[in-house]
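This report refers to the structure that appears directly beneath it.
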2 protein chains.
Amino acid sequence: MKEVKPTTIKEIAKKLKISPSTVSRALNDHPSIGLVTTMRVKNMAKELNYEPNQTAIFFKQRKTFTIGVVLPSLSEPFFSSAISEIENVASDHKYTVIMGQSLDDAERELHILKTFKSHRVDGVLMSIGKNTRDFEFITKLKEAGIPIVFFDCVPAIPDVNKVECNLSTGMAEAIDAFVERGHQKIALINGPELLFASAERKNAFVSALSRNKISFDEKYIVHTDLTSKSNEDAMNILCSLADRPSAVISFNDFVTLDIMKCARERGLILNQDIHFISYANYPLWQYMENPPMGSIEQFPGEQGKKAAEILFSILNNKGEALPAAHFVLKSRLIMK
Amino acid sequence: MKEVKPTTIKEIAKKLKISPSTVSRALNDHPSIGLVTTMRVKNMAKELNYEPNQTAIFFKQRKTFTIGVVLPSLSEPFFSSAISEIENVASDHKYTVIMGQSLDDAERELHILKTFKSHRVDGVLMSIGKNTRDFEFITKLKEAGIPIVFFDCVPAIPDVNKVECNLSTGMAEAIDAFVERGHQKIALINGPELLFASAERKNAFVSALSRNKISFDEKYIVHTDLTSKSNEDAMNILCSLADRPSAVISFNDFVTLDIMKCARERGLILNQDIHFISYANYPLWQYMENPPMGSIEQFPGEQGKKAAEILFSILNNKGEALPAAHFVLKSRLIMK
DNA sequence: CTGTTAGCGCCTTCAC
DNA sequence: GTGAAGGCGCTAACAG
C-alpha cells in the first residue's frame, strides 16, 4: 500500500497558479478574496482531498482546540458519565478531548498535567484525586495561560473555577424522608475521617437531625475505609447496638451494596427491618429487586457539562479575565 | 496575573552562548555532545523551567505520540473499562489518548476519524457503531499511513487488524451449564435480526444445542430491538408458550434486567421457575440478591488492552508492514 | 564535538 | 484582490 502524502496548500496553489497565501485566505473565507477564486480554491481542495495539517496550524496559532481532562478513573461510571458529557460539549465547540486518569496518584496527576501543558492544550478540566495535597500546579497553569476548571472533587482554595455538588441538600432531604416515615434512629456510615467529603456529610447529617429535633447520638456515626471488609464491620457495629438504627445513610453506593448484603445475611428484611439511602455513584438501583429507599444524586454528567461550559466561556473570552466561577449544584434525594 | 511565555531552546542557547542545535541535541542526549555541555544545558533548562513545545515537535517530526480512540459511547461501563485499559497502555508507551464517541452515528464516526486524521494521530483504535456500513475510511487511513486496530465491534472485512471476542465459546458453556442442571427447554432472546452479533449468537446457540442432542425448536428464539418494551414483549411471548422455557439466554444484561423484572411480575420465582444467563455488558450482578445464574463475559478491558498492544507493536515496527493481526478472545461463562 | 543553514505547513504582515 | 517574504520552535542535514 503506497502511502499518499497529504496535500498541502502549496500544491493547491501550484495547480491553480496562484500564491499559497491566497489559497490559505480562500480556505479561511477571508473577505478580501474574490468569490470566484475562493470557489476555485475550495473545489480544487476537495478534488485533491486536502485536509489541513492541524499540527502546523496548532504550532502557528499557538492554539490547539484541544482540552485536557484529568480524572481519578475512567472506568467508574460516575466519571465516565461526566466525560461523556464533556466530550459532547467539546465536540459542539469543535474541540477535541485528551484525557488522563490519575488513579488517585498525585504524581501521576502532575505528570498528566505536564503532558497536557507541553501539548499546549487550551484548557483543562479536572477532578482531583484523593491524595492531592499540593496545588502549586494551579499557579503554573495560570502562568502558562491555561485556564482550569475543577469539578466534583475540587480543591478548597479561593479564586479557582469550580463546579461542585452541595452534599448537604441531599442529606437534608434524606433525613426528612426518613423522619416522615417515622424513623428516629438514623445512622450514618461515613467515609474515612480525614476526607473532606466525610466532614461535609457529617455536618449535614448533624444539622439535618437537629432541624428535625432529633438529638444527635455519636454512636450512630461509624466510619469505613471503603473496603468491603470495613463496610461490613461498620454495619456489624450498628447492628449490634442495643438500639439498632432502622435507617442508614451511607457514604456511597458501594458501601450500601456491601451493607445491604450484610443486613440480609444477618436475617434482616430489607426495606422493612432496615432502610437505606446512599450517595449515588453507581447507577444500578433501578434494576434491583430490593433497592434502597432512595439515593442522593450528585449529577456527575451535569457537573462535567457545566464545567466544560464554564471552560469554553473562558476560552471564548480570552483577554478579559473573568472572575473565578464557582457553581454549586444541589445534591438531591431521588426516591426509588 | 502576568502570563509567562514559555522558554524556548533559543533562549537557553543565548544564555549559554552556544547554538540552538547544540541545546537541542543536548536535551535529547545526543551522543556526540560533550558531557559537560549536556549538563550545562540541562541545568539551564531546569533553571529556566524549559518545557519543550510539543506542538512544534509534532509538526517537525510528523509524529504526535497521540492515538485516537473511537467508541460508540463513553458512558457505558463496557466501553469505559476498555478505554481505561487503553489509557493505561498508552500511558506506558508515553502516548496520549484523544477520544470521540460516535453514539452509533455513522456520520459522526467519520467526522471523528477525519478530525483524528488532521490531528495527525499516530494510530487509531476503534469499536464501530451499529450503523456503520461503509468501510472506505479504512483505505483512507491506510493511505495516510495511520494504522487502525478494531476491537469488540469489528468490521467483517479481511486484512484489518482486529481484536474480538468469540461469542460461541461462552454460549456453548452456557448451554452446557443449563443442560447439566437438567434444563431442556432453553430459549434465546436475541437482538435485531440483521445484526451480525445476533447471527453469531444464533449459530452458536443452535450448534451448542445439537451438540447436547437437544432438538432445536424455532419458537424458542425470539427477537428484541433492545428497547425495554420490546424486551418485555419478547419475554411475554416465551412465557405464553405452552412449553414455557425454563432457561433463557439473552442478548445482553440490559435485556436480562428487563426480562427478569417481567418474569417477577408474572409471578415466576427467579432462579427456580426460570433461569437466566446473558452476555455481559453491565457489571452489576455481583451485587444482586437474585442474580442470573451466570453471565457470558466478553472482557472489554482485555480487548482494549490487546488492541492497544497490537497498535503499539505496529507503531514500533514502522517500515516493515506486519500482516494483519486478528486476535480472538474466548467469551466465557462466569457463574454467580 | 559544535555551529550554520534550511525547512516542516501554515498564516500574516507588508507591499503592490 | 493578490503576491512575496518571514517566522512560529524545533531538528537534521551539512559543514567544519
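In what follows, chains carry the letters A, B, and so on, assigned in the order in which the sequence lines appear, proteins first and then strands, with residues in each chain numbered from 1.
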Rounding to a whole Å, what distance do you find between B:M39:CE and C:dT2:C1'? 19 Å
In whole angstroms, how far is the C1' atom of C:dT2 from the NZ atom of B:K17? 17 Å
For B:R120 and B:L35, take the nucleotide of DNA chain C holding the closest heavy atom to each; which residue's nucleotide lies nearer the 5' end? B:L35
CZ on B:F137 to CE on B:M126, rounded to 0.5 Å: 4.0 Å
Distance below 4.0 Å between B:T22 side-chain N/O and C:dT2 OP1 or OP2: no
Using a 4.0 Å heavy-atom cut-off, does B:T55 contact any base of the nucleic acid, only the sugar-phosphate backbone, or nothing at all? nothing
Should we say atom NZ of A:K15 is surrounded by more than 12 heavy atoms from elsewhere, each under 6.0 Å from it? no
Quickly work out the A:Q54 CD to C:dC10 C1' distance and round it to whole Å. 11 Å
Tell me the interatomic distance from B:R40, atom CZ, to C:dC1, atom P, rounded to whole angstroms. 16 Å
Does D:dG3 have OP1 or OP2 under 4.0 Å away from a side-chain N or O of A:S19? yes
Atom-pair distance (CD1 on A:I18; C1' on C:dC10), nearest Å: 15 Å
In terms of ring plane angle, is the pair B:H119 and A:F58 parallel, tilted or perpendicular, where the classes change at 30° and 60°? perpendicular
Rounded distance in Å - CD1 (A:I33) to P (C:dT12): 13 Å
I need the CG-C1' distance between B:D29 and D:dA12, as an integer number of Å. 17 Å
Please indicate whether A:R108 has more than 12 foreign heavy atoms, meaning atoms of other residues, nucleotides or ligands, lying under 6.0 Å from its CZ. yes
With B:E309 as partner, the option from B:V163, B:V89, B:I314 fulfilling side-chain contact (heavy atoms from CB on, under 4.5 Å) is B:V89
Between the protein and nucleotides 7-11 of chain D, which nitrogen or oxygen pairs are less than 3.5 angstrom apart?
unit_1, atom_1, unit_2, atom_2, d
D:dG7, N2, A:K60, NZ, 2.9
D:dC8, O3', A:R62, NH2, 2.5
D:dG9, OP1, A:R62, NH2, 2.6
D:dC10, OP1, B:Y50, OH, 2.6
D:dC10, OP1, B:N53, N, 3.4
D:dC10, OP2, B:I9, N, 2.6
D:dT11, OP2, B:S24, OG, 2.7
D:dT11, O3', B:Q61, NE2, 3.3
D:dT11, O2, B:K60, NZ, 2.9

Taking CD1 from A:I12 and C1' from C:dG9, how many angstroms apart are they, rounded to a whole number? 12 Å
For A:Y95 and A:F312, take the angle between the two ring planes, folded into 0 to 90°, and tell me which bin it lands in: parallel under 30, tilted 30 to 60, perpendicular over 60. perpendicular
Within 6.0 Å of CD in A:E107, more than 12 heavy atoms from elsewhere: no
